[in-house]
Undergrad: 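Here's a structure for you.
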Amino acid sequence: MLNLKFIQENPELVIERLAVKRFDACAIVEKVIALYKRRNEVQTEAETQKAGMNQLSKEIGQLFKNGKVSEANSAKERTSEIKDQIKNLESEFDVIDSELAQLQVLLPNLPSPLVPVGKGAEDNVIVATGGEMPVLPKGAKPHWELAAQYDLIDFELGVKITGAGFPVYKGFGARIQRALINFFLDQARENGYLEVQPPYMVNEASAFGTGQLPDKEGQMYHDSVDNLYLIPTAEVPVTNIFRDVIVDAKDLPIKTTAYSACFRREAGSYGKDVRGLNRLHQFDKVEVVQIAHPDKSYDSLNDMVAYVQSLVEKLGLPYRILRLCGGDMGFTSALTYDFEVWSAAQERWLEVSSVSNFESFQATRLKLRYREEGRAKPQIAHTLNGSALALPRIVAAILENYQTTDGIRVPKVLVPYLGGCEIIR
RNA sequence: GGAGAGAUGGCAGAGUGGUCGAUUGCGGCGGUCUUGAAAACCGUUGUACCGAGAGGUACCGGGGGUUCGAAUCCCUCUCUCUCCGCCA
């Protein structure tokens with residue numbers, strides 16, 4: 001979330017930048033400024049009254065100690081009026097404060113100056129492309145048909161056990177999942193990321209910390225008995241490792257990676273978007289997270305983009321990198337690069353990674369700070385994350401792009417992870 | 001699921017109504033000593049908000065209450081630990 005003081009000091013900037021995200025912030029900013037001003041007045045007045053009260057209490061204590069009981073008692077009589085005033089001021093403060101908090105979470109993050117203006121996906125800017133478009137054999141099939149033909153993924157069985165969007169991977173289908181997870185984790189480790197295994201369920205505070213709550217509540221599976229949420233991405237538990245933490249500036253950037261299953265309700269999805277592996281309720285993903293110094297967070301972003309690029313290149317998949325326009329960006333992001341791979345039989349681009357710099361937006365909620373050498377005041381850090389990578393669509397692209405008339409070839413880098421198997425028949 | 005204990009600063013651990021943001025130890029930082037280091041000794045070491053500043057306010061798991069005054073008393077919630085039961 002945005003810092004209130006920042007909004008108060010830079011109202012025009014906030015309104016102008018959020019317009020790029022096609023968000024009209026005028027009314028909210030105006031309210032925030034008025035409430036913020038009033039809150040400070042109330043706070044100052046309340047604290048002045050409290051200071052007087054504290055002083056008086058000390059004096060009463062002294063009077064009792066010195067045996068001046070009647071003076072003490074008359075002093076006590078003066079306290080009730082002050083107490084009432086404090087009570088009134090505090091309740092006014094609380095009302096304003098919660099109104100401010102509610103407004104504060106309505107404002108999206110400011111997009112970076114690099115963000116292109118635009119309405120939706122069609123206005124995203126392609127910043128790089130790579131890989132070679134495969135030439136498919138005649139009668140090439142989409143991945144859901146290949147999955148059935150080679151008995152790799154059983155969608156119907158998943159429906160029986162759980163419901164749509166929970167496929168069962170079998171044989172080489174299961175092994176290729178495991179191969180990809182291991183490959184991605186190994187690559188991340190070689191690139192300086194610390195591997196962690198986080199919980200798959202998080203509490204309310206964590207879901208709030210990364211911005212899933214309050215507004216994306218409907219996208220998460222919720223266990224109401226224990227009030228826990230199934231994670232939609234490892235970003236949530238991993239980033240929350242750093243909630244309420246002050247780190248040493250010299251330790252930045254802190255690079256963390258985790259594999260997790262991810263759970264998304266995907267309410268409102270339908271049609272060809274949800275066919276096969278294109279959109280699932282449960283899927284596997286390896287996530288990379290960085291905690292960065294504000295001066296260096298865009299270096300970290302570039303580092304992460306280059307890293308994800310190296311993964312799709314090693315897998316030999318045709319890809320393109322998009323810089324998302326204002327209208328297509330997420331609520332919490334300042335700058336996002338999406339990676340898409342070409343799924344040759346479906347003849348469409350599939351999003352397999354989203355790499356974002358959140359700047360201080362998440363860290364403000366998380367109270368994630370860093371401290372420079374010496375006794376400097378802690379400052380809000382920057383957070384970034386990216387998928388590296390999400391599995392289902394990678395699997396879809398591999399199945400489709402690597403299909404031949406007598407089997408599905410295994411990308412070279414995965415062969416050692418599949419016990420030397422070079423082709424799935 | 002049953003029974004009990006507990007939640008205090010980076011960590012350990014005092015503090016049962018007033019001058020307590022909080023004794024002390026460890027750790028951290030700075031210094032003395034040393035060729036250097038260790039040891040020893042000395043000093044220092046929470047966060048947020050308000051304020052131009054001086055300074056003020058709040059925070060001892062969360063919320064509420066009693067009181068002139070609460071880390072301390074009362075109520076309530078949450079969480080953690082131990083033992084028993086069940087179990088991968």
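Order of the sequence lines sets the chain letters (A, B, ...), proteins ahead of strands, with each chain counted from 1.
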Undergrad: Please state the C1' separation for the pair B/rC29 and B/rC79 - nearest whole angstrom.
TA: 34 Å
Undergrad: For B/rC75 and B/rG85, measure between their C1' atoms and round to the nearest Å.
TA: 32 Å
Undergrad: Answer yes or no: is there a donor N or O on one side and an acceptor on the other, between the side chain of A/Glu400 and the main chain of A/Ala345, under 3.5 Å?
TA: yes
Undergrad: May I have the distance from A/Lys377 (atom NZ) to B/rU45 (atom P), rounded to whole angstrom?
TA: 18 Å
Undergrad: Given pairs defined as Watson-Crick or G-U wobble with both distances under 3.5 Å, what dot-bracket annotation applies to RNA chain B, with ( ) intrastrand, [ ] crossing, | other strand and . unpaired?
TA: ((((((((.[[[..)..(.....]]]((((((.......))))))(((((....))))).[[[[[..)....]]]]])))))))....
Undergrad: Show the numbers, then the answer: is there a side chain to side chain donor-acceptor pair (under 3.5 Å) between A/Tyr193 and A/Gln290?
TA: CA-CA 9 Å; A/Tyr193 290 90; A/Gln290 290 202 24; 3.0 Å; yes
Undergrad: With a 4.5 Å cut-off on side-chain heavy atoms, are A/His222 and A/Ser224 touching?
TA: yes
Undergrad: Does one side chain, of A/Glu359 or A/Asn109, offer a donor that lies under 3.5 Å from an acceptor on the other?
TA: no
Undergrad: Using the closest heavy atom to pick a nucleotide of RNA chain B for each, name whichever of A/Gln379 or A/Gln62 lands nearer the 5' end.
TA: A/Gln62
Undergrad: Between B/rC26 and B/rU78, how many Å separate the two P atoms, rounded to a whole number?
TA: 40 Å
Undergrad: Expressed in whole Å, how much space separates the P atoms belonging to B/rA48 and B/rG10?
TA: 12 Å
Undergrad: Would you measure the distance from the C1' atom in B/rU45 across to the matching atom in B/rG56 and give it in whole Å?
TA: 23 Å
Undergrad: For residues 93-102 of chain A, tabulate all N or O donor-acceptor pairs below 3.5 Å that involve a side-chain atom, not counting sequence neighbours.
TA:
unit_1	atom_1	unit_2	atom_2	d
A/Asp97	OD1	A/Arg39	NH1	2.6
A/Ser98	OG	A/Val95	O	3.2

Undergrad: Measure CG/A/Asp226 against P/B/rC79 and give the value in whole Å, please.
TA: 8 Å
Undergrad: Between B/rG62 atom P and A/Asn203 atom CG, what is the distance in whole Å?
TA: 16 Å
Undergrad: Can you tell me, in whole Å, how much space there is between the P of B/rA3 and that of B/rA70?
TA: 35 Å
Undergrad: Quick one about A/Asn54 and A/Ser57 (side-chain donor to acceptor, distance below 3.5 Å, no hydrogens or angles considered), yes or no?
TA: no
Undergrad: Could you tell me how far apart A/Ile86 (CD1) and B/rU67 (C1') are, to the nearest whole angstrom?
TA: 14 Å
Undergrad: Nearest to the A/Arg371 side chain among B/rA48, B/rC68, B/rG46, which nucleotide is it?
TA: B/rG46
Undergrad: Output yes when A/Arg38 and A/Glu41 qualify as a salt bridge under the 4.0 Å nitrogen-oxygen rule, no when they do not.
TA: yes
Undergrad: Would you jot down, in residue-number order, the residues of residues 33-59 of chain A having a non-hydrogen atom under 4.0 Å from RNA chain B?
TA: A/Tyr36, A/Asn40, A/Gln43, A/Thr44, A/Glu47, A/Lys50, A/Ala51, A/Met53, A/Asn54, A/Ser57
Undergrad: Both A/Lys5 and A/Glu90 contact RNA chain B. Which one's nearest nucleotide lies toward the 5' end?
TA: A/Lys5
Undergrad: Should A/Phe361 and A/Leu2 count as side-chain neighbours, where that means a heavy-atom distance under 4.5 Å?
TA: yes
Undergrad: Nearest whole angstrom, please: distance from the P of B/rG28 to the CD of A/Glu372.
TA: 21 Å
Undergrad: Measure the CZ-OG distance between A/Phe283 and A/Ser260 for me, rounded to the nearest 0.5 Å.
TA: 8.0 Å
Undergrad: Separation of A/Asn227 atom CG from B/rU78 atom P, in whole Å?
TA: 11 Å
Undergrad: Over how many whole Å does the gap from A/Leu228 atom CG to B/rU78 atom P extend?
TA: 13 Å
Undergrad: Can you tell me, in whole Å, how much space there is between the P of B/rG30 and that of B/rU23?
TA: 23 Å
Undergrad: Measuring only the C1' atom in each nucleotide, how far is B/rG17 from B/rG69? A whole number of Å is fine.
TA: 8 Å
Undergrad: Rounded to whole angstroms, how far apart are CG on A/Asp244 and P on B/rG62?
TA: 12 Å
Undergrad: Do A/Arg178 and A/Tyr417 meet the cation-pi criteria used here (NZ or CZ under 6.0 Å from the six-membered ring centre, within 45° of the axis)?
TA: no
